[in-house]
J.: 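Starting off with a structure, shown below.
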Amino acid sequence: DLSLEWYYDEGSYAALAYFRKDIDGYLGYNTLPETVVVPSGSYEYEISRPINESSTEVDGFEFAVQHMFTTLPEPFDGLGVIFNVTKVDSSSEQDDLPLIGLGDSENLILFYEKAGFQVRLAYNNRGRFMQTKPVVTGTRQRDGHYVDDYKQLDLSGSYDINENFTVFFEGINLTNELTVKNAEYKNQTLQ
């Protein structure tokens, strides 16, 4: 990892990072034939389970900014904003496919923290990512499953009544966005 960070004011910073990771035996999923022995006999099944796969490289960059508006008059001096973006790339030696669950993301957060009050409004965007790899079993083949680009708006807040007691609320996916899953091509909608 290589990162540059600049803390330019109290509670405010900007950061840029590059990362590269060499991974051996990363977690994947596969369906393999397996013999199950029970008192009534032996049975052949296709069992899907997590497995340790081959090696891969993951590289990408992250950019983040957090700014506190401390120069605003009270009570607005508790306002702040956070923006971050992560771009990532991976492929395995085994099949030249991306890692499961790995994708780009962007977040924009407006928040307020002062005198025991905390409120956060967050816009989150996650790029398309692979959920399950393609599977070939005998003469059957199933395409990989992907989760399409996904955006949502979340709202949360809390108030510290005292050191031991906090009340909070949380609203997730306020705009009621749908999760769309498809095969390799986006017009192959699965869910």
J.: Return the set of residues passing ring pair (Phe, Tyr, Trp, His ring centres under 6.0 Å) with Tyr43 (not counting sequence neighbours), or none when no residue passes.
T.: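 Tyr43: no ring pair (Phe, Tyr, Trp, His ring centres under 6.0 Å) contacts found.
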J.: Please tell me if the side chains of Glu113 and Gln118 come closer than 4.5 Å, counting only heavy atoms from C-beta onward.
T.: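 Answer yes - side chains close enough.
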J.: Calculate, to the nearest 0.5 Å, the distance between atoms CZ and OG belonging to Arg120 and Ser156 respectively.
T.: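 Separation between the atoms: 6.0 Å.
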J.: Is there a side-chain contact between Lys87 and Phe61, using heavy atoms and a 4.5 Å cut-off?
T.: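 Heavy-atom side-chain distance check passes, below 4.5 Å.
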J.: Determine whether Thr179 and Val147 make a side-chain contact, defined as any pair of heavy atoms from C-beta on separated by less than 4.5 Å.
T.: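 A side-chain contact exists here, since the closest heavy-atom pair is under 4.5 Å.
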J.: In terms of side-chain heavy atoms, does Asn107 have a donor or acceptor partner in Asn125 at a distance below 3.5 Å?
T.: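 No, no side-chain donor-acceptor contact under 3.5 Å.
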J.: Do Leu102 and Val58 come within less than 4.5 Å of each other through their side chains, counting heavy atoms only?
T.: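 Leu102 vs Val58: side chains touch.
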J.: May I ask you to decide whether Lys151 forms a salt bridge with Glu106, counting only side-chain N to carboxylate O separations under 4.0 Å?
T.: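 Salt bridge absent between Lys151 and Glu106.
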J.: Give the ring-plane orientation class for Phe117 versus Tyr159, where under 30° counts as parallel, over 60° as perpendicular and anything between as tilted.
T.: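 Judged by the thresholds at 30° and 60°, the geometry between Phe117 and Tyr159 is tilted.
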J.: If only atom types and distance count, is the side chain of Asp160 paired as donor or acceptor with the main-chain N or O of Asn162 below 3.5 Å?
T.: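 A pair under 3.5 Å: no.
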J.: If hydrophobic clusters are built by linking Ile, Leu, Val, Met, Phe, Trp and Tyr wherever their side-chain heavy atoms come under 4.5 Å apart, do Met68 and Val65 end up in the same one?
T.: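 No.
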J.: Around Glu44, counting heavy atoms of other residues, nucleotides and ligands shown, do more than 12 lie under 6.0 Å from its CD?
T.: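 Enclosed.
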J.: Looking at Tyr146, is Arg128 sitting on its ring face, NZ or CZ under 6.0 Å from the six-membered ring centre and within 45 degrees of the normal?
T.: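 Checked: cation-pi criterion met.
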J.: Any chance OH of Tyr8 has more than 12 other-residue heavy atoms, nucleotides or ligands included, within less than 6.0 Å?
T.: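 Above 12, so yes.
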J.: If the condition is ring pair (Phe, Tyr, Trp, His ring centres under 6.0 Å), which residues does Tyr13 pass it with, not counting sequence neighbours?
T.: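 Tyr7.
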J.: Same cluster or not: Ile23 versus Phe129, using hydrophobic residues (I, L, V, M, F, W, Y) connected whenever any side-chain heavy atoms lie under 4.5 Å apart?
T.: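 No, Ile23 and Phe129 fall in different hydrophobic clusters.
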J.: Is Leu174 reachable from Phe169 through a run of hydrophobic residues whose side-chain heavy atoms are each under 4.5 Å from the next?
T.: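 Yes; Leu174 is reachable from Phe169 via cluster members.
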J.: Val81 versus Ile109: any side-chain heavy-atom pair under 4.5 Å?
T.: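 SC-SC contact between Val81 and Ile109 ruled out.
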J.: Look at the side-chain heavy atoms of Ile, Leu, Val, Met, Phe, Trp and Tyr, link any pair under 4.5 Å apart, and say whether Ile47 and Val38 land in one connected group.
T.: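 Per the 4.5 Å side-chain linkage, Ile47 and Val38 are co-clustered.
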J.: How many angstroms lie between atom CD of Gln131 and atom CG of Leu190, to the nearest 0.5 angstrom?
T.: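 One finds 9.5 Å between CD of Gln131 and CG of Leu190.
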J.: Hey, could you give me the CD/OG1 distance between Gln152 and Thr175, rounded to the nearest 0.5 Å?
T.: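 The distance works out to 7.5 Å.
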J.: Ser12 and Gln66: side-chain donor and acceptor closer than 3.5 Å?
T.: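 On atom types as modelled, these side chains do not qualify, holding no pair under 3.5 Å.
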J.: Would you indicate whether Gln191, at its atom CD, is surrounded by more than 12 heavy atoms from other residues, nucleotides or ligands within a distance under 6.0 Å?
T.: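 Atom CD in Gln191 is not packed in, count stays at 12 or less.
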J.: Working to the nearest 0.5 angstrom, can you tell me the gap between Ile172 CD1 and Leu153 CG?
T.: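 Output value for this atom pair is 11.0 Å.
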J.: Would you say the side chain of Tyr150 lies within less than 4.5 Å of the side chain of Glu177, judging by non-hydrogen atoms?
T.: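 Counting from C-beta outward, Glu177 and Tyr150 do come under 4.5 Å.
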J.: For a quick test of reading the model, state the closest non-hydrogen atom pair linking Ser42 to Thr35 and the distance between them.
T.: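 Scanning both residues, the minimum pair turns out to be CB-CG2, 4.0 Å.
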J.: Answer with yes or no whether the hydrophobic clustering places Leu108 together with Phe63; edges join I, L, V, M, F, W, Y residues whose side-chain heavy atoms lie under 4.5 Å apart.
T.: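 Cluster IDs for Leu108 and Phe63 match.
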J.: Look at the rings of Phe69 and His67 and say which category their plane angle falls in: under 30° parallel, 30 to 60° tilted, over 60° perpendicular.
T.: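 Aromatic pair Phe69/His67 classed perpendicular.
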J.: Enumerate the side chain to side chain donor-acceptor pair (under 3.5 Å) contacts for residues 16-25, please, sequence neighbours excluded, ordered by first and then second residue.
T.: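 Non-adjacent pairs meeting side chain to side chain donor-acceptor pair (under 3.5 Å): Asp1-Lys21, Arg20-Glu57.
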J.: From Ser105 OG over to Asp149 CG, what is the distance, rounded to the nearest 0.5 angstrom?
T.: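 Those atoms lie 11.5 Å apart.
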J.: Surrounding CZ of Phe19 (heavy atoms of other residues, nucleotides or ligands, distance under 6.0 Å), is the total greater than 12?
T.: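 Yes - once you tally the heavy atoms of other residues, nucleotides and ligands closer than 6.0 Å, there are more than 12.
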J.: Keeping the roles fixed (side chain from Asp104, backbone from Val88), state whether a donor-acceptor pair exists under 3.5 Å.
T.: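 Yes.
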J.: Is a donor on one side and an acceptor on the other found under 3.5 Å between the side chain of Asp154 and the backbone of Asn173?
T.: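 Yes.
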J.: Between Lys181 and Asp148, is the salt bridge (Lys or Arg N to Asp or Glu O under 4.0 Å) condition met? List the steps.
T.: CA-CA 6 Å; Lys181 297 180 183 180; Asp148 229 352; over 6 Å; no
J.: Any ion pair linking Asp77 and Lys114 (charged N to carboxylate O, less than 4.0 Å)?
T.: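 Judged by the 4.0 Å cut-off on N to carboxylate O distance, Lys114 and Asp77 do form a salt bridge.
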